[in-house]
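These notes concern the structure reproduced below.
A, B, ... follow the sequence lines: proteins, then strands. Residue 1 opens every chain.
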Number of protein chains: 2
Amino acid sequence: MTRTTLKSLAKALNMSVSTVSKALNDSHEISELTKKRVKEAAAELHYQPNVLAQSLKTGKTQTIGVVLPKMTGPFESQILEGMQHAASVQNYRIVIMNSMENEELEGIALLSMLDKSVDGLLFCPIHENSNVVLAEQIIQKIPVVIFDRTDYPLDTHKVGVLNSEGTYSACKHLFDIGKKNIAIFCGTNQGITAKRLAGYQRAHQDFNIPVVDEYTVYCTVKSIPDLHLEMEGHINRLLHLPNPPEAILCVADTITTHLLGVLAKLEIKVPETLAVMGFANTDLALSLNPSLSTIRQPTKDIGEIAVTKLISLISKPNRSQTAWEDTKLPTSIQLRRSTIG
Amino acid sequence: MTRTTLKSLAKALNMSVSTVSKALNDSHEISELTKKRVKEAAAELHYQPNVLAQSLKTGKTQTIGVVLPKMTGPFESQILEGMQHAASVQNYRIVIMNSMENEELEGIALLSMLDKSVDGLLFCPIHENSNVVLAEQIIQKIPVVIFDRTDYPLDTHKVGVLNSEGTYSACKHLFDIGKKNIAIFCGTNQGITAKRLAGYQRAHQDFNIPVVDEYTVYCTVKSIPDLHLEMEGHINRLLHLPNPPEAILCVADTITTHLLGVLAKLEIKVPETLAVMGFANTDLALSLNPSLSTIRQPTKDIGEIAVTKLISLISKPNRSQTAWEDTKLPTSIQLRRSTIG
DNA sequence: TTGTACGCGTTATCAT
DNA sequence: ATGATAACGCGTACAA
């Protein structure tokens with residue numbers, strides 16, 4: 001059982017390879033009749049072009065590489081699904097490399113993109129200056145689009161969200177329901193944290209509410225059980241302040257979704273004692289107890305737009321003189337019982 | 001800025017392509033001195049072999065394809081991460097195709113695996129006889145390993161879990177804490193549901209507890225809000241039975257994790273009125289209120305083992321006379337407050 | 001309209 | 001120990 005190649009197809013048809021090739025590619029210099037004959041025979045013999053040979057010849061692989069720090073978590077998998085979908089629609093495939101939040105692994109992943117096996121790269125850097133020189137090397141050869149963690153010094157298209165607006169709206173909502181004292185739980189990614197923190201501060205300014213320094217809290221721990229402990233400590237400390245907060249705003253998915261568990265364990269009433277809301281992209285927000293008010297990121301859009309922009313770069317002849325776009329998608333807010341009882 | 005190829009490298013070194021190629025591949029017929037010179041020059045000029053040309057020549061792509069029904073949800077992304085990890089360690093890359101639970105899309109995805117662009121396929125079929133003929137065609141050309149939904153008529157390695165044992169242990173636990181009347185909420189995948197249902201029934205037999213027909217419930221709906229409504233209906237019906245159940249066992253992740261939300265809305269006490277446990281692979285089980293007792297699948301292992309088995313098939317010369325292994329990994333049970341208060 | 005010949009970048013066989 | 005050359009499967013400029 002040997003593979004059908006152009007050559008074998010040509011032999012079976014008593015024609016030359018080039019005729020067959022042109023016929024299959026609908027060249028105008030081939031008669032309709034032969035085209036039809038060729039295509040029928042191709043279908044008959046289950047001919048499939050060898051994409052490797054095609055790519056070697058054309059220099060295009062119809063493949064785009066994705067390098068991202070993690071792929072568990074609803075946020076990441078939703079982005080990946082968006083990418084996967086947009087890519088397959090436009091006849092591209094996706095190969096994923098996981099940097100596992102590790103700069104060295106990220107370097108290896110990036111390096112493997114230089115071998116002509118992908119037409120473009122979608123990159124979510126671990127932090128704002130990880131592997132920058134490598135990235136600059138890569139972008140000399142293939143187009144790159146930065147997504148999610150867009151605070152990265154590379155001149156190219158970027159696709160992320162309006163981080164500061166998300167926290168701003170959340171604060172506004174909390175103010176509206178009478179919670180003026182809002183603690184904010186920050187995550188480990190500096191660029192994103194900074195943006196979201198800025199929205200929090202700007203909201204306070206605009207509404208003339210003072211920012212209490214002690215309300216800004218950093219959760220640095222990685223494992224879930226440890227995170228629970230760390231958050232317990234923070235909450236106990238906050239509630240014993242002379243002026244304890246009435247709400248907690250979380251700026252990272254893991255922190256947000258696990259906070260309710262911690263509060264339940266401490267038997268703190270939500271939202272009466274502490275209202276809770278934060279960035280989170282899981283369906284489960286609806287099924288938590290109480291259901292969780294969230295700031296939701298348009299993950300699928302991020303993925304799809306990133307892919308579309310990348311593909312447009314790939315097909316563009318002179319990439320050098322492009323005006324780079326820093327696309328910031330709006331977040332949206334779902335109000336549920338963790339803030340409005 | 002033109003790419004460094006074997007040829008340009010050779011020219012720079014005043015040597016022939018074949019010498020350079022052999023030197024880089026550590027052929028024994030090349031002197032140490034030249035090897036050293038070649039390798040230095042290669043590093044100097046940032047030479048990277050063109051993997052496409054390599055693959056075209058060798059027939060190996062160092063790439064494995066994954067076709068699976070969905071990739072959101074913790075279960076799927078954990079499996080993917082396991083695959084990704086095992087693959088990269090063994091110097092393979094992964095390209096993912098999402099069938100989106102749609103048999104036609106699955107067919108397209110599978111078809112694209114026939115073009116010599118992957119060395120092997122990891123396949124999680126939509127259901128027990130979707131695209132079987134296509135799969136059989138594929139396995140003629142490249143090795144295939146079936147994962148997760150292993151109830152599929154293809155002679156090859158399979159990697160899944162001991163589904164019936166999971167529900168068996170769960171029932172045993174519920175019996176132990178005095179909940180003899182257990183309702184079971186089933187999902188839409190027939191093969192897996194059947195296995196898990198069997199474990200439920202076997203447990204009842206072994207412990208001499210009658211199976212009540214009305215306790216077996218099917219949740220068929222896809223969207224989360226609708227699923228909530230459907231489950232509400234089932235629960236109301238069950239609780240008005242003359243002999244209402246004291247526990248609910250869920251056999252699909254989505255059902256399990258969302259059930260607590262439904263019960264909270266109905267203000268039903270968990271675990272007092274109804275204990276809850278079920279298959280679920282999310283970290284959030286710990287942070288639900290009450291925290292959720294789960295049957296957990298070794299997702300990372302599934303992914304890693306599937307990859308390892310596939311790679312071993314790829315490197316095996318005579319695939320025809322292999323003894324196919326149907327690997328069933330054990331599940332594990334985490335007891336939390338949704339059953340033991 | 002069809003066919004011939006070459007090259008994409010490698011690896012592998014055969015000489016030297 | 002090293003070098004010339006064919007081949008992998010395809011696309012295409014050029015010739016017929």
message: If the cut-off is 4.0 Å, is A/Y47 near the phosphate of D/dG9, judged by side-chain N/O to OP1 or OP2?
response: no
message: Classify A/S55 by what it touches in the nucleic acid, base, sugar-phosphate, or nothing, heavy-atom distance under 4.0 Å.
response: nothing
- prompt: Are OP1 or OP2 of C/dT1 and a side-chain N or O of A/T34 less than 4.0 angstrom apart?
  reply: no
task: Identify whether any heavy atom of A/E29 sits under 4.0 Å from a base atom; if not, whether one sits that close to sugar-phosphate; answer base, sugar-phosphate or nothing.
output: base
- request: Before giving the answer on side-chain hydrogen bond (donor to acceptor under 3.5 Å, both in side chains), spell out for B/E106 and B/S130 the whole-Å C-alpha distance, their side-chain angles and the decisive distance to 0.1 Å.
  value: CA-CA 8 Å; B/E106 185 181 68; B/S130 68; 2.7 Å; yes
- request: Ignoring hydrogens and angles, tell me if any N or O in the side chain of A/Q62 forms a donor-acceptor pair with the backbone of A/N91 under 3.5 Å.
  value: yes
- prompt: Between the side-chain atoms of B/K57 and the base atoms of C/dA12, is any donor-acceptor pair under 3.5 Å?
  reply: no
Neighbour count above 12 (heavy atom, 6.0 Å) for A/E44 CD: no
task: For A/E103, look at atom CD and say whether over 12 heavy atoms of other residues, nucleotides or ligands are found less than 6.0 Å away.
output: yes
- request: Rounded off to whole Å, could you give me the NZ-to-P distance for the A/K60 and D/dG9 pair?
  value: 24 Å
- prompt: B/T5 near the nucleic acid: base, sugar-phosphate alone, or nothing, with a heavy-atom cut-off under 4.0 Å?
  reply: sugar-phosphate
- request: Answer with yes or no whether B/K22 presents, from its side chain, a donor or acceptor under 3.5 Å of a partner atom in the base of D/dG3.
  value: yes
query: Can you tell me if the side-chain N/O atoms of B/T19 get under 4.0 Å from OP1 or OP2 in D/dT2?
result: no
query: Closest nucleotide of DNA chain D for B/K35 versus for B/L56: which of these residues is on the 5' side?
result: B/K35
message: Please pick, from C/dT10, C/dT1, D/dA4, the nucleotide with the shortest atom-to-atom distance to any side-chain atom of A/S31.
response: C/dT1
message: Is the phosphate of C/dT11 approached by B/Q54 (side-chain N or O, under 4.0 Å from OP1 or OP2)?
response: yes
- request: Report yes if a donor N or O on one partner sits less than 3.5 Å from an acceptor N or O on the other, where the partners are the side chain of B/K116 and the base of D/dG9; otherwise report no.
  value: no
- prompt: What is the nucleic acid contact for B/E32, judged by heavy atoms within less than 4.0 Å: base, sugar-phosphate only, or nothing?
  reply: nothing
- request: Check whether the side chain of A/S18 and the base of C/dT4 form a donor-acceptor pair under 3.5 Å.
  value: yes
query: Expressed in angstrom and rounded to an integer, what is the separation of A/L24 atom CG from D/dG11 atom P?
result: 8 Å
Nearest-neighbour nucleotide for the A/S21 side chain, C/dT11, D/dT12, C/dT10 considered: D/dT12
- line: Atom NZ of A/K36 and atom P of C/dT1 are separated, to the nearest Å, by 17 Å
- request: Ignoring hydrogens and angles, tell me if any N or O in the side chain of B/Y92 forms a donor-acceptor pair with the backbone of B/Q84 under 3.5 Å.
  value: no
